[in-house]
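Working notes, beginning with the structure itself.
Worth knowing before you read on, the calculation uses all heavy atoms, side chains too, and leaves out hydrogens, waters and symmetry mates. These numbers were taken from a predicted model, which means no experiment stands behind them.
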Amino acid sequence: MPFSSYTLPMDNERIREICMALPHAAETLNWGHHLVYWAGDRDIGGKMFAMTDLDGSGTGVFWFHCGAERFYELLEMEGIIASPHLARAHWVTALRWDVLRPRQVEEELRLAHSLIFERLPKRTKAILALPEKERAKVIRERKKMLAERAKLKEA
């Protein structure tokens with residue numbers, strides 16, 4: 001039987017593998033224990049589309065943006081709740097890894113990325129459209145500038 005990524009059990013590493021394979025995806029560690037996935041680097045105006053709880057201390061195991069059309073449909077499934085602090089923006093939380101089949105998780109993450117990517121500012125999309133070397137340089141310069149600003153605020 002040929003290998004299929006759809007048969008792998010879901011966990012933080014599998015979610016990471018799926019999310020980071022999406023175009024212009026980036027990741028950060030936020031709030032101490034959440035791995036956050038972004039459509040576009042957050043320092044150039046990217047927006048988050050999914051996240052996982054790395055240490056099991058939060059609500060649920062992973063969260064994702066689902067859009068207004070899917071929000072209430074997903075809430076009808078046992079084991080999926082409206083995401084605390086993010087429900088207004090149509091985010092849901094999976095309470096267990098097995099709430100959705102692996103193929104469904106991958107499809108939901110692709111949809112989340114697509115929905116968020118469509119809503120990125122024109123300026124952000126313009127940077128993401130640059131050739132890789134130029135894009136990396138712009139992102140590096142932006143991060144440096146933000147770090148210098150943060151340093152000045154601390155002083």
Looking at CD of Q104 and CG of L109, how far apart are the two atoms once the value is rounded to the nearest 0.5 Å?
-> 11.5 Å
Charged N-O contact under 4.0 Å between E106 and R103 | no
Indicate yes or no: at least one non-hydrogen side-chain atom of K47 is less than 4.5 angstrom from one of R42.
-> no
Residue pair S83 / T93, side-chain donor-acceptor N/O under 3.5 Å | yes
Nearest heavy-atom contact between L120 and L128 is CD1-CD1, 3.9 Å
Tightest non-hydrogen contact, residues G79 and V99, listed as O-CG2, 3.4 Å
Indicate, with yes or no, if L115 and L75 share a hydrophobic cluster defined by side-chain heavy-atom contacts under 4.5 Å among Ile, Leu, Val, Met, Phe, Trp and Tyr.
-> no
Cluster link I116 to I44, ILVMFWY, side chain under 4.5 Å = no
When you look at N12 and W97, which way does the side chain to side chain contact (heavy atoms under 4.5 Å, CB included) test go after all the steps?
-> CA-CA 9 Å; N12 279 315; W97 290 112; 3.7 Å; yes
Do Y72 and I81 belong together in a cluster built from hydrophobic side chains that touch within less than 4.5 Å?
-> no
Salt bridge (charged side-chain N to carboxylate O under 4.0 Å, His left out) assessment of R135 paired with D41 = CA-CA 10 Å; R135 181 176 62 242; D41 193 291; over 6 Å; no
Gap separating the CZ atom of F62 from the CD1 atom of I18, nearest 0.5 angstrom = 8.5 Å
Does E118 offer a backbone N or O that forms a donor-acceptor pair with the side chain of K125 under 3.5 Å?
-> yes
If we only count heavy atoms from C-beta on, is the L95 to T59 side-chain gap below 4.5 Å?
-> yes
Is the closest side-chain heavy-atom distance between T124 and P121 below 4.5 Å?
-> yes
Going from CH2 on W38 to CE on M51, what distance comes out if it is rounded to the nearest 0.5 angstrom?
-> 8.5 Å
Going by the side-chain contact (heavy atoms from CB on, under 4.5 Å) test, name the single residue among E134, E141, K133 that passes it with K137.
-> E141
Where do R96 and V61 come nearest, in terms of heavy atoms and distance?
-> C-CG2, 3.5 Å
Please find out if less than 6.0 Å separates the ring center of W63 from that of H34.
-> yes
Report yes if the side chains of H65 and L86 come closer than 4.5 Å at any heavy-atom pair, otherwise no.
-> no
Can you check whether Y37 reaches H113 side chain to side chain, under 4.5 Å on heavy atoms?
-> no
So salt bridge (Lys or Arg N to Asp or Glu O under 4.0 Å) across residues 63-80, not counting sequence neighbours, yields R70-E73, R70-E108
Salt-bridge present (R142, D43; N to O < 4.0 Å) | no
Least distance between heavy atoms, L29 atom then L35 atom = CD1-N, 4.3 Å
ILVMFWY cluster membership beyond M145 - transitive side-chain contacts under 4.5 angstrom | L146
What are the two closest heavy atoms between D53 and H33, and how far apart are they?
-> OD1-ND1, 2.9 Å
Drop me the distance from E27's CD to T52's OG1, to the nearest 0.5 angstrom.
-> 9.0 Å
ILVMFWY cluster, F49 and L100 together (side-chain gap under 4.5 Å) | yes
Give the minimum heavy-atom separation between A82 and A87, together with the two atoms involved.
-> CB-CB, 3.7 Å
Hey, quick one: are F71 and L74 part of the same hydrophobic cluster, counting side-chain heavy atoms closer than 4.5 Å, chains of contacts allowed?
-> yes
